[in-house]
2 protein chains.
Amino acid sequence: MPQTILIVDDEKRLVSLVESYLTQEGYRVATAYNGKEALVVAQKEKPDLIILDIMMPEMNGYDFMRIHRTEHDTPIIMLTAKVEDDDKIIGLELGADDYVVKPFKPRELMARVRNVLRRAGKSEPAGKTLKVADIVLDHDSREVLVGERSVDLTPSEFDLLAAIMASPGRVFSRLDLLDVIQGVRYEGYERTIDTHIKNLRAKVEDDPRNPRHIETVYGVGYRLSKG
Amino acid sequence: MPQTILIVDDEKRLVSLVESYLTQEGYRVATAYNGKEALVVAQKEKPDLIILDIMMPEMNGYDFMRIHRTEHDTPIIMLTAKVEDDDKIIGLELGADDYVVKPFKPRELMARVRNVLRRAGKSEPAGKTLKVADIVLDHDSREVLVGERSVDLTPSEFDLLAAIMASPGRVFSRLDLLDVIQGVRYEGYERTIDTHIKNLRAKVEDDPRNPRHIETVYGVGYRLSKG
DNA sequence: GAAAATCTACATAATTTCTTCACACACCAA
DNA sequence: TTGGTGTGTGAAGAAATTATGTAGATTTTC
């Protein structure tokens with residue numbers, strides 16, 4: 001029985017991104033776009049963890065948390081819009097278990113999720129080690145093996161590889177991949193991904209000019225070969 | 001049969017941290033998040049020691065202790081939120097065997113736990129000796145050997161090393177490590193860890209500039225090499 | 001209490017990584 | 001084949017992260 005995580009945020013794009021990440025890691029996901037809706041969903045789904053934005057229409061995160069906490073003690077990770085120390089302190093005092101400042105990188109949030117759930121004594125979903133063809137990627141140690149050889153990746157390279165390894169064969173657009181390494185934001189140069197892919201290929205492929213693992217899908221994006 | 005320790009505190013994050021420490025030291029752990037719940041759990045688990053927060057919703061620590069003590073004489077360590085001498089005195093008068101002021105460092109609490117249990121005539125669990133590559137760390141004597149050479153570590157350095165030796169290869173974030181040496185708190189400078197790591201490397205590594213044991217994982221944290 | 005040891009914070013230097021850009025080349029459709 | 005796009009690549013500056021030395025604060029020791 002997978003653990004359920006409730007995401008509450010009015011930015012749909014952000015909710016989708018986080019949802020896909022959590023799903024990939026084996027969690028069940030519920031969503032809500034404001035505090036009011038969240039109360040209903042939380043009541044019904046009984047999530048093991050709630051990821052909660054503070055700034056929301058209808059009912060903000062603080063209000064939701066205050067009401068929710070009267071009856072439940074679900075761990076909560078707060079999403080704060082700016083780097084205001086006040087927010088952090090208020091949030092933590094209200095009972096949040098952790099907070100992440102927007103914009104955040106997906107891996108940052110995922111790390112907090114694992115942390116909070118571990119602290120709350122819940123077991124983690126299995127499968128922290130990904131294996132596709134002769135590539136092995138381990139999240140705990142952040143190590144990557146290609147065949148027998150250990151390769152040293154930068155944070156962005158690791159995150160990109162982890163993302164495409166989570167769904168071998170699926171084509172990722174450059175925008176998808178940009179979200180992976182820069183988080184959801186409104187600017188950013190798509191072609192930056194090309195460079196990361198180039199560097200990644202140089203480390204992961206035997207013959208970078210004829211990549212066997214990381215394939216280009218002309219006009220669309222990149223894909224990890226299942227073979 | 002390991003001894004059982006009951007932790008009672010409404011701060012889940014704190015409970016989890018303490019739990020992980022106690023577990024690592026070989027104790028069995030039970031938890032409760034308020035006095036009312038604690039009464040039930042204590043009845044069922046019959047702990048050898050209770051770690052008890054004073055400020056809690058539903059039923060506070062004093063009330064729990066008063067009721068519990070009518071039928072049991074389990075040793076109790078109190079957690080007091082502030083440095084108010086009144087609290088300490090009242091607590092001790094009510095029958096607490098010791099108290100720790102929040103925020104506390106994990107090793108501080110562990111020391112008290114051992115102390116109280118020893119006074120209560122219970123034997124301690126055997127301390128574990130960790131060995132990774134050519135580093136040997138002994139919990140009982142708090143001694144560390146690197147190859148043939150005995151190295152002298154400060155308390156923080158010892159705790160850090162013990163933490164990463166418990167999970168070789170796993171990457172620890174600076175925040176993880178800050179919990180280890182400063183306990184649960186909401187402020188604290190992550191970069192302080194860098195300094196401890198530097199000092200630790202100076203003592204543990206043959207060539208501190210090219211560390212073989214304590215590796216840096218750029219953008220994430222530190223890791224103990226399995227090799 | 002005073003001295004010593006340790007911890008924390010911070011400034012600065014050293015590294016590493018990220019992003020952007022220009023240009024060459026590859027792909028596809030007409 | 002032949003443009004018009006899309007992609008691969010190398011280089012360089014910008015940005016982010018880590019290493020290190022030092023000083024003051026705190027804690028421990030005697």
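In what follows, chains are A, B, ... by sequence order, proteins preceding strands, each numbered from 1.
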Residue set satisfying salt bridge (Lys or Arg N to Asp or Glu O under 4.0 Å) with B:Glu108, at least two apart, ordered chain then number -> B:Arg112

Quick check on the helix from C:dG1-D:dC30 to C:dA30-D:dT1: what's the angle between its two end axes, five base pairs per end, to the nearest 10°? 40°

Nearest-Å distance for atom pair CD/P, residues A:Glu215 and D:dG8: 12 Å

Of A:Thr154 and B:Thr154, the one whose nearest nucleotide on DNA chain C sits closer to the 5' end is B:Thr154

Sub-3.5 Å donor-acceptor pair from the side chain of B:Glu190 to the main-chain atoms of B:Leu178, do we have one? no

Contact check, residues 163-173 of chain A vs DNA chain D, heavy-atom distance under 4.0 Å, returns none

Partners passing ring pair (Phe, Tyr, Trp, His ring centres under 6.0 Å) against B:Phe64 (at least two apart in sequence or in another chain): B:His68

Tell me if the CG atom of B:Asp207 is crowded by more than 12 foreign heavy atoms within 6.0 Å. yes

Starting at the 5' end of nucleotides 17-30 of chain D, put B wherever the base has a protein heavy atom under 4.0 Å, S where only the sugar-phosphate does, and a dash everywhere else. SBSBB---------

Need to verify one output field. Residue with the more 5' nearest nucleotide on DNA chain C, B:Asn199 or A:His196? B:Asn199

Quick check: do B:Asn199 and B:Thr195 have side-chain heavy atoms less than 4.5 Å from each other? yes

Check this for me, if you would: do B:Asp138 and B:Lys131 make a salt bridge, where the nitrogen-to-carboxylate-oxygen distance has to be below 4.0 angstrom? no

Checking A:Glu157 side chain against A:His196 main chain: does a donor-acceptor pair fall under 3.5 Å? no

Nucleotide range of DNA chain C contacted by chain B, 5' to 3', under 4.0 Å to a heavy atom? C:dT6 to C:dT17

Using the rule given for side chain to side chain donor-acceptor pair (under 3.5 Å), can you reason through B:Ser173 versus B:Asp176, listing the C-alpha separation, both sets of side-chain angles and the distance that settles it, and then say yes or no? CA-CA 5 Å; B:Ser173 72; B:Asp176 289 338; 3.3 Å; yes

